[in-house]
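Only one structure is covered here, and it is reproduced in the block below.
Below, each value reflects all heavy atoms present in this structure, side chains not excepted, and no hydrogens, waters or symmetry copies. Here the structure is a predicted model, which is why all the values come from computation and not from measurement.
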Amino acid sequence: MWSHGLHLSVASGPRCARRRRARGRGLRPRWESGFRPWADDGETLERVEVNAEQSLAELRRILGLLRTPDNGAQWRPQPSLGRLDELVSEYRTTGMPVRLEITGTARPLAGGLELSAYRIVEEALTNVLKHTDPTRVAVTLHYGRTHLRVTVEDDGGGGGGGAEGGGGHGILGMRERAAVTGGSLDARRTADGFVVTARLPVSEIGEVEDEA
């Protein structure tokens with residue numbers, strides 16, 4: 001329960017900081033002359049927002065450690081999307097017919113976002129392994145201009161989402177990981193299986209293609 005509340009607090013933190021910054025700009029008085037105590041409030045609020053974002057990034061990393069069952073490995077470097085090939089290969093050795101496709105212009109993203117995306121894929125594949133017997137599993141990463149879209153789809157009959165609150169936190173855990181980044185996650189049955197789709201906002205906007 002406490003971890004769920006902490007996740008929500010961390011997810012809402014950047015939005016609160018941005019609202020305070022905007023409100024501070026709106027309340028800036030117009031001084032005709034003399035002493036101007038709020039003359040540098042814009043710069044100060046920008047520093048506050050930057051510091052808040054850095055602190056929240058560290059909190060997200062800590063939350064990722066707390067949600068990892070292997071406490072003995074908690075000080076190892078956290079996995080990134082660069083290791084997604086290895087993860088997919090591990091599941092392939094179990095007999096799962098899984099493939100990985102990357103579209104858009106791939107580039108390094110914030111560590112917390114990459115970790116969340118990696119864990120979402122890991123959780124979704126674990127649920128497929130536990131609850132279905134698919135003939136096809138597709139993991140797709142699409143690097144868009146403003147969002148990273150993560151999709152895991154199978155044709156195993158519709159059980160790939162796992163149970164809410166079950167082992168590995170199921171759909172709820174994946175939604176929390178998406179929310180921590182300011183993103184969202186949809187999980188639903190399809191005609192022949194199950195699909196999990198996460199949309200995670202990227203921190204920088206580069207010259208890359210728009211969302212499909």
Side-chain angles (χ1 to χ4, degrees), residues 7 57-144 147-156 159-162 166-181 183-187 193-204 206 208-209 212:
H7 272 287
E58 180 63 15
L59 278 174
R60 289 167 185 151
R61 186 185 71 81
I62 293 171
L63 283 171
L65 295 175
L66 292 174
R67 296 299 296 272
T68 303
D70 184 6
N71 292 328
Q74 62 181 348
W75 299 117
R76 298 175 191 168
Q78 291 297 295
S80 66
L81 293 178
R83 297 180 56 188
L84 207 54
D85 261 327
E86 298 176 23
L87 178 69
V88 169
S89 295
E90 288 175 8
Y91 281 90
R92 197 176 290 127
T93 61
T94 69
M96 181 185 293
V98 56
R99 62 180 177 82
L100 172 64
E101 181 179 3
I102 298 176
T103 62
T105 303
R107 75 271 195 193
L109 302 174
L113 189 147
E114 290 210 11
L115 176 60
S116 291
Y118 181 98
R119 294 301 188 198
I120 288 170
V121 173
E122 183 178 43
E123 183 64 45
L125 290 179
T126 298
N127 287 335
V128 171
L129 187 64
K130 288 180 178 179
H131 303 290
T132 75
D133 185 20
T135 62
R136 176 184 59 83
V137 182
V139 177
T140 306
L141 292 186
H142 175 71
Y143 288 82
H147 286 76
L148 173 71
R149 187 171 66 241
V150 181
T151 306
V152 180
E153 184 173 7
D154 71 82
D155 64 352
H169 305 280
I171 297 172
L172 176 61
M174 289 188 282
R175 283 186 176 142
E176 287 179 345
R177 290 191 182 280
V180 162
T181 71
S184 61
L185 183 137
D186 176 69
F194 204 87
V195 59
V196 172
T197 305
R199 294 184 78 252
L200 312 178
V202 298
S203 57
E204 74 278 1
V208 294
E209 63 185 80

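Shortest non-hydrogen contact noted between R107 and E114 is O-OE2, 4.4 Å. Across all their heavy atoms, V150 and A117 have their closest contact at CG2-CB, 4.1 Å. Nearest heavy-atom pair across S80 and Y118 is O-CD1, 3.4 Å. Between A178 and L185, the shortest heavy-atom contact is CB-CB, 4.0 Å. In plain terms, the two heavy atoms of P201 and R199 that are nearest each other are CD-O, 4.0 Å.
From H142, atom NE2 reaches atom OG1 of T105 across 8.5 Å, with rounding to the nearest 0.5 Å. Distance NE2/H147 to CG/L200: 8.0 Å, rounded to 0.5 Å. Residue E176 holds its CD atom at 12.5 Å from OG1 of T181, rounded to the nearest 0.5 Å. The CD1 atom of I120 lies 9.5 Å from the CG atom of L115; values are rounded to the nearest 0.5 Å.
The shortest distance between side-chain heavy atoms of V139 and L87 does not fall below 4.5 Å. Looking only at side-chain heavy atoms (C-beta outward), L109 and Y143 come within less than 4.5 Å of each other. With contacts defined as side-chain heavy-atom distances shorter than 4.5 Å, the pair F194/T132 does not qualify.
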side-chain contact (heavy atoms from CB on, under 4.5 Å) evaluation trace for N127 with M174: CA-CA 11 Å; N127 287 335; M174 289 188 282; 3.8 Å; yes

Would L84 and I102 count as a side-chain contact (heavy atoms from CB on, under 4.5 Å) here? Give the steps. CA-CA 10 Å; L84 207 54; I102 298 176; 6.0 Å; no

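Every salt bridge (Lys or Arg N to Asp or Glu O under 4.0 Å) that R83 has, sequence neighbours left out, goes to E86.
Of the possible polar contacts, none joining the E101 side chain to the T140 backbone as a donor-acceptor pair under 3.5 Å is found. Looking at T93, its side chain does come within 3.5 Å of a backbone N or O of E90 through a donor-acceptor pair.
Screening V88, L125, L129, D155 for a side-chain contact (heavy atoms from CB on, under 4.5 Å) with V137, the sole residue that qualifies is L125.
Counting heavy atoms of neighbouring residues, nucleotides and ligands inside a 6.0 Å radius, atom CG of D186 exceeds 12 of them.
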